[in-house]
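Okay, structure first, notes after.
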Amino acid sequence: MMQPDPKIIDYADATLNNLDAGVGIRVPKGHHNQYHIYGVPKFLIIGAQKCGTTAMRRWLSVHPELQTIPLEWNFFDEVGDLAVEWPRYIINPHFKIRQHSVRYTFEKTPGYFHKKNKGIPVPDIVHQLMPSGKFIVMLRNPTERAWSAYRMYKNNQKQPLYGCTLRDSQLRKLAKRVALSPENEATPTHSFLDLIQGLIAIAKKDRSMEIDRLPQSIRRTPLAPDKNMARIP
C-alpha cells in the first residue's frame with residue numbers, strides 16, 4: 001500500500017506545536033517559486049553505544065527513501081529552549097532533502113539512550129518535537145558492550161588508560177565482575193570505565209594488574225550468567 005506523502009509546512013508557519021516526525025519544512029531559496037525542503041526525522045537510533053548503531057545507520061542509509069546525518073548530532077542533550085532553537089536542528093544541510101526519491105530523514109546518536117538535559121531524559125525532549133516519532137534501540141550483552149567501549153576509548157586516546165597497562169584477559173574478567181554484580185544491577189553500563197577507574201589507578205605504570213590482588217572493598221561477587229544469554233561476537 002502506498003504511503004501518503006509527508007506533510008509540508010512553510011518555514012514561516014512552523015512552530016514546535018505543529019511539527020512532528022516526518023514533516024517537511026519548506027524554506028524559500030531566494031528565487032521566485034524555488035525552495036528547499038528540510039525533513040524532521042521520522043525516527044532516531046538512540047543507542048546503546050557499541051551495540052551496532054553505526055552499522056544500522058549505514059544499512060538504512062542505503063534505502064532510496066531515507067536520508068541521514070553523517071555525524072552524531074547530540075542536539076537534544078544540550079538544547080536550552082527547544083521552542084526557540086529547533087531550527088538550529090532541522091534547518092541544516094544534512095536534513096535538506098537532496099533526492100526526489102527521499103521521503104524521510106533520520107539520525108543516529110547513541111548518547112540519547114541514557115543522557116538527560118536539565119534532569120529530563122533526552123527521549124522525552126525528542127518527543128516534544130516529534131510526538132509520533134519512533135526510536136530504534138539496540139542492546140547487547142553488558143560485558144561485551146563494556147569491553148567494546150573500553151577498546152574504543154583506548155584506541156581514541158592512543159595512550160595507556162589511567163597510566164597503566166592491563167592484559168585483555170584481565171580486563172575482561174574485571175568487566176564481568178562489575179557488569180554482573182548484584183549491587184550494580186541498575187548501573188548504566190556506559191559508566192563502566194568510571195566504576196573501574198579507581199581499580200586501575202592503583203596499578204603501577206606499564207605493569208599488569210591481577211584481579212585477585214584488588215582490595216577487598218572493591219571486589220565483586222558475580223551473578224551466574226543466564227544460560228540463554230545471547231553472545232555477540
Side-chain angles (χ1 to χ4, degrees), residues 1-118 120-138 152 156 190:
M1 184 175 64
M2 294 292 294
Q3 294 291 325
D5 291 333
K7 180 180 178 181
I8 303 296
I9 299 177
D10 286 326
Y11 177 66
D13 300 326
T15 68
L16 189 60
N17 294 328
N18 61 11
L19 291 178
D20 198 358
V23 169
I25 301 176
R26 183 164 44 207
V27 178
K29 292 176 61 175
H31 304 284
H32 183 65
N33 292 331
Q34 294 185 346
Y35 53 83
H36 293 300
I37 299 294
Y38 295 81
V40 179
K42 185 67 172 179
F43 60 89
L44 272 65
I45 304 173
I46 65 171
Q49 181 198 55
K50 308 310 295 179
C51 292
T53 56
T54 298
M56 176 63 74
R57 181 190 68 81
R58 290 172 179 168
W59 293 335
L60 291 174
S61 65
V62 175
H63 196 290
E65 295 185 359
L66 296 176
Q67 177 180 311
T68 187
I69 191 168
L71 303 174
E72 297 176 4
W73 204 241
N74 290 294
F75 170 80
F76 292 100
D77 54 75
E78 55 84 21
V79 62
D81 186 347
L82 186 61
V84 174
E85 297 181 55
W86 69 261
R88 180 164 61 89
Y89 176 65
I90 302 299
I91 311 301
N92 76 68
H94 297 296
F95 287 145
K96 181 172 67 176
I97 304 301
R98 298 187 294 269
Q99 303 290 338
H100 291 296
S101 63
V102 173
R103 295 172 57 85
Y104 299 116
T105 62
F106 71 95
E107 179 201 351
K108 187 273 290 188
T109 299
Y112 292 161
F113 180 69
H114 63 269
K115 288 185 178 180
K116 293 184 178 181
N117 185 343
K118 298 179 180 178
I120 303 174
V122 167
D124 291 344
I125 299 176
V126 174
H127 181 74
Q128 298 176 30
L129 178 62
M130 45 191 88
S132 69
K134 307 296 183 182
F135 294 135
I136 294 179
V137 179
M138 305 175 67
M152 179 186 69
N156 289 346
H190 73 272

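Bear in mind that the values here come from a model prediction, so they are computed numbers and not experimental data. Computed over heavy atoms, backbone and side chain alike; hydrogens, waters and symmetry mates excluded.
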Atom of [X], atom of [Y] and distance for their closest heavy-atom approach:
X: Y104; Y: P6; result: CE2-CG, 3.9 Å
X: L16; Y: Q128; result: CD1-O, 3.7 Å
X: N92; Y: W73; result: ND2-CZ2, 3.9 Å

Inset, instruction - State the NE2-CZ distance between H63 and F106, to the nearest 0.5 angstrom. - result: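 Reported value, rounded in 0.5 Å steps: 10.5 Å.
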Inset, instruction - Can you establish whether the number of heavy atoms outside K29 located under 6.0 Å from its atom NZ is more than 12? - result: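 Counting other residues, nucleotides and ligands, NZ of K29 exceeds 12 neighbours.
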Inset, instruction - Answer yes or no: does atom CD of Q99 have more than 12 heavy-atom neighbours from other residues, nucleotides or ligands under 6.0 Å? - result: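 Incorrect, the count does not exceed 12.
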Inset, instruction - Please name all residues satisfying salt bridge (charged side-chain N to carboxylate O under 4.0 Å, His left out) with D81, sequence neighbours left out, ordered by chain then number. - result: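 With sequence neighbours excluded, D81 shows a salt bridge (charged side-chain N to carboxylate O under 4.0 Å, His left out) to no residue whatsoever.
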Inset, instruction - With sequence neighbours left out, write down each residue that passes salt bridge (charged side-chain N to carboxylate O under 4.0 Å, His left out) with D20, or none if nothing qualifies. - result: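 Scan of D20 (salt bridge (charged side-chain N to carboxylate O under 4.0 Å, His left out), adjacent residues dropped) gives none.
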Legend entry - No-hydrogen, no-angle side-chain donor-acceptor test under 3.5 Å, T54 and K108: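 On atom types as modelled, these side chains qualify, holding a pair under 3.5 Å.
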Inset, instruction - Given salt bridge (charged side-chain N to carboxylate O under 4.0 Å, His left out), test R88 with E78 step by step and report yes or no. - result: CA-CA 12 Å; R88 180 164 61 89; E78 55 84 21; 3.2 Å; yes
Legend entry - K134/E107 salt bridge by N-O under 4.0 Å criterion: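 No salt bridge links E107 with K134.
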Legend entry - Salt-bridge criterion met for D77 and K116 (N-O under 4.0 Å):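 K116 and D77: not salt-bridged.
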Inset, instruction - Could you tell me whether the side chain of P41 reaches within less than 4.5 Å of the side chain of V126, counting heavy atoms only? - result: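 V126 vs P41: side chains apart.
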Inset, instruction - Can you label the angle between the F95 ring and the Y89 ring as parallel, tilted or perpendicular, going by 30° and 60°? - result: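 Judged by the thresholds at 30° and 60°, the geometry between F95 and Y89 is perpendicular.
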Inset, instruction - Fit a plane to each ring of Y112 and F76, take the angle between them on a 0 to 90° scale, and name the class: parallel (under 30°), tilted (30 to 60°) or perpendicular (over 60°). - result: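 Perpendicular: the ring planes of Y112 and F76 meet at over 60°.
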